[in-house]
Protein chains: 2
Amino acid sequence: MLTIGQVATYLGVTVRAIRHYHQRGLLPEPERDASGYRRYGADAVVTLVRIKAMSDAGVPLARIDELMAASPEQFATSVAAIDTDLKEQISDLKRRRRRIAELSAGDRLFLPEEVVALLDRVREIGLSQEAVRTERDTWILLVAQYPDQVPGWAAEKLAMLEDVAFQRLYLTADQAAGWSRDDPRLEALADEVNSFGGLRAPDTDGKKPILALDALVAVTIMAAQSGKPVPALERLVELCRLRAKPN
Amino acid sequence: MLTIGQVATYLGVTVRAIRHYHQRGLLPEPERDASGYRRYGADAVVTLVRIKAMSDAGVPLARIDELMAASPEQFATSVAAIDTDLKEQISDLKRRRRRIAELSAGDRLFLPEEVVALLDRVREIGLSQEAVRTERDTWILLVAQYPDQVPGWAAEKLAMLEDVAFQRLYLTADQAAGWSRDDPRLEALADEVNSFGGLRAPDTDGKKPILALDALVAVTIMAAQSGKPVPALERLVELCRLRAKPN
DNA sequence: CTTGACCATGACCCTGCGTCAGGGTTCGAC
DNA sequence: GTCGAACCCTGACGCAGGGTCATGGTCAAG
């Protein structure tokens with residue numbers, strides 16, 4: 001008659017696991033000796049071997065007791081179901097691996113390649129690190145809501161950045177974040193923004209493309225909402241809107 | 001300012017998950033409004049998008065906070081580690097699928113094919129269902145301790161069963177389980193067993209092959225240990241041992 | 001008689017949330 | 001102004017499959 005520890009080392013399972021099986025009702029409690037120790041016979045060992053085999057094969061404990069008492073047909077059916085389950089889990093993990101690969105490939109995070117290219121470009125141009133982060137965060141928000149349109153929008157914006165004048169404008173707007181709310185340069189800047197088509201916030205006209213300095217709008221919105229308002233940019237947005245609707 | 005439910009539906013996660021991220025410290029608790037509701041700004045949404053992206057990619061929550069604040073090199077290293085992890089999990093699941101396949105293929109359970117063949121054979125020969133189960137259980141025990149030797153042993157025993165005399169002996173021993181302890185036929189049976197080389201229990205000489213009627217020994221041992229002793233077979237084993245060591 | 005290796009039970013820990021339970025809040029409709 | 005539906009809050013238990021104490025009894029050897 002074996003003790004629990006002996007059975008465990010014999011079969012290569014832990015003592016805790018065996019007690020767990022008892023608790024789950026998978027393995028009947030054996031008789032106890034005078035001191036209360038569990039004493040196992042060969043039948044218990046056999047049952048345990050079967051449990052271990054199933055469990056190693058990935059059968060969830062809950063189904064093992066079904067299987068132990070199943071007829072050959074039930075057995076086959078259940079095994080097939082479990083196998084299907086495992087197949088699903090595998091393809092799930094594979095999907096995850098693909099996503100992981102995208103994460104590490106997309107240098108900075110879960111954005112479509114067009115956006116990544118755009119971010120690289122604005123960094124190249126000399127945009128401040130903060131502004132780049134804001135640009136990124138804006139795109140993240142956009143992706144969450146318009147995943148299909150985003151690549152197109154990003155490509156469009158990237159194309160606009162070929163224009164040196166637009167680049168200058170973009171950089172100046174970035175600088176403007178440090179200006180005060182009544183800085184006179186804001187007026188000139190607003191004029192320039194308008195010459196590029198003005199501001200268009202994504203929520204202004206639903207699902208239409210965002211162009212130009214929408215990120216600017218986003219900056220002000222996001223800053224305001226996260227508790228760090230940027231007065232100069234707020235004012236700039238105001239000025240641009242005034243020019244856009246002069247009536 | 002968004003409520004937790006709005007953020008959740010916007011991003012396609014559950015409210016519970018968001019609260020869970022707060023609890024795990026992945027997502028900082030946002031400010032509350034007058035009634036104690038959480039109010040989320042765009043920054044929180046961005047953080048959540050990043051968390052969701054990592055989590056969807058299979059990054060464990062515990063590592064997400066590392067990654068969120070990691071430098072590009074750390075990021076790459078960690079991502080590689082996680083990918084390795086996923087690969088392992090996948091091959092693990094594949095291994096399980098193979099085991100599952102073996103389970104269902106080996107009709108009656110997790111035994112090497114040689115043993116399955118042997119079991120089929122003894123069933124064919126006409127061994128009682130009980131005896132077949134005992135035979136199976138014995139092999140299960142043997143596999144647990146001598147997984148490498150078992151296929152050889154089973155093949156050897158299967159070969160012996162070609163001999164019709166041996167078959168008869170086997171069947172008679174099966175019948176003997178129903179005899180009384182002092183049945184005179186036991187003597188003759190013991191003689192016959194000896195003419196086939198006698199009994200050899202696996203524990204008798206360590207790792208040497210088991211032959212002939214070891215299952216008989218196993219029957220008595222197992223029966224005794226699981227509380228249902230078989231007196232006639234116990235006696236038979238005794239007799240065989242007497243003949244094996246006549247001094 | 002003590003020491004170290006076992007055994008017992010019970011209870012808390014992990015992951016990633018789901019799902020009550022037992023409240024309070026807000027909003028639109030009447 | 002009040003009703004109900006739909007939110008929100010915290011706290012706690014649940015799952016699989018055990019790991020890991022904590023606390024105390026048992027056993028064999030020296």
Side-chain angles (χ1 to χ4, degrees), chain A residues 1-27 29-40 44 48 50-67 81-82 85-86 88-89 92-93 95-96 99, chain B residues 1-27 29-40 44 48 50-68 82 85-86 88-89 92-93 95-96 99:
Chain A
M1 293 301 245
L2 306 170
T3 68
I4 196 170
Q6 291 169 332
V7 174
T9 58
Y10 178 75
L11 293 182
V13 300
T14 65
V15 169
R16 180 65 175 90
I18 295 180
R19 287 205 268 246
H20 188 57
Y21 298 149
H22 284 314
Q23 234 177 322
R24 300 291 319 261
L26 274 183
L27 186 63
E29 283 277 359
E31 287 172 14
R32 310 296 183 109
D33 65 13
S35 57
Y37 288 15
R38 291 180 180 83
R39 289 301 183 161
Y40 295 87
L48 247 177
R50 305 215 291 157
I51 292 173
K52 184 177 184 312
M54 321 270 258
S55 154
D56 285 353
V59 180
L61 295 193
R63 308 194 105 182
I64 289 185
D65 42 349
E66 298 172 20
L67 282 189
I82 291 164
D85 225 66
L86 286 179
E88 264 173 43
Q89 285 183 45
D92 206 68
L93 284 180
R95 231 175 290 136
R96 282 154 182 262
R99 307 276 288 249
Chain B
M1 293 302 245
L2 308 168
T3 66
I4 195 169
Q6 292 169 331
V7 173
T9 58
Y10 178 76
L11 293 183
V13 299
T14 66
V15 169
R16 183 64 180 91
I18 296 180
R19 287 205 268 248
H20 187 58
Y21 299 149
H22 286 313
Q23 232 178 323
R24 301 294 315 262
L26 274 183
L27 187 62
E29 282 277 1
E31 286 172 15
R32 309 298 185 105
D33 65 13
S35 58
Y37 288 15
R38 292 179 180 82
R39 289 300 182 161
Y40 294 87
L48 249 176
R50 306 215 289 158
I51 293 172
K52 184 177 184 310
M54 322 269 259
S55 156
D56 284 353
V59 180
L61 295 193
R63 308 195 101 181
I64 290 184
D65 41 350
E66 297 171 22
L67 281 190
M68 298 268 292
I82 292 162
D85 229 63
L86 285 179
E88 263 172 46
Q89 286 183 44
D92 206 67
L93 285 180
R95 229 172 294 135
R96 283 155 181 262
R99 308 276 288 249

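These numbers come from a predicted model, not from an experiment. Lettering follows sequence order; numbering is per chain, from 1.
- Under 4.0 angstrom from either OP1 or OP2 of dC7(C) there lies at least one side-chain N or O belonging to T3(A).
- Separating the OH atom of Y37(B) from the P atom of dA6(D) is a distance of 15 Å, rounded to the nearest angstrom.
- Residue Y21(B) places none of its side-chain N or O atoms closer than 4.0 Å to OP1 or OP2 of dG16(C).
- Here the C1' atom of nucleotide dC9(D) and the CD atom of Q23(B) are 13 Å apart, to the nearest Å.
- Straight-line distance from the CD atom of Q6(B) to the P atom of dT25(C): 18 Å, rounded to whole Å.
- Rounded to a whole Å, the CG atom of L93(B) is 18 Å from the P atom of dA16(D).
- Nucleic acid contact for R39(B): none, since no nucleic acid atom lies under 4.0 Å from a heavy atom of the residue.
- When the nearest nucleotides of DNA chain D are assigned to R16(B) and G5(B) by heavy-atom distance, the more 5′-ward of the two goes with G5(B).
- Of the two residues contacting DNA chain D, namely S35(A) and R24(A), the nearest-nucleotide position lying further toward the 5' end is that of R24(A).
- Put simply, CD on E31(B) is 18 Å from P on dC8(D), counting in whole angstrom units.
- Heavy atoms of R38(A) sit under 4.0 angstrom from primed sugar atoms or phosphate atoms, though from no base atom.
- In this structure, NE2 of H20(B) is placed 14 Å from C1' of dC15(D), rounded to the nearest angstrom.
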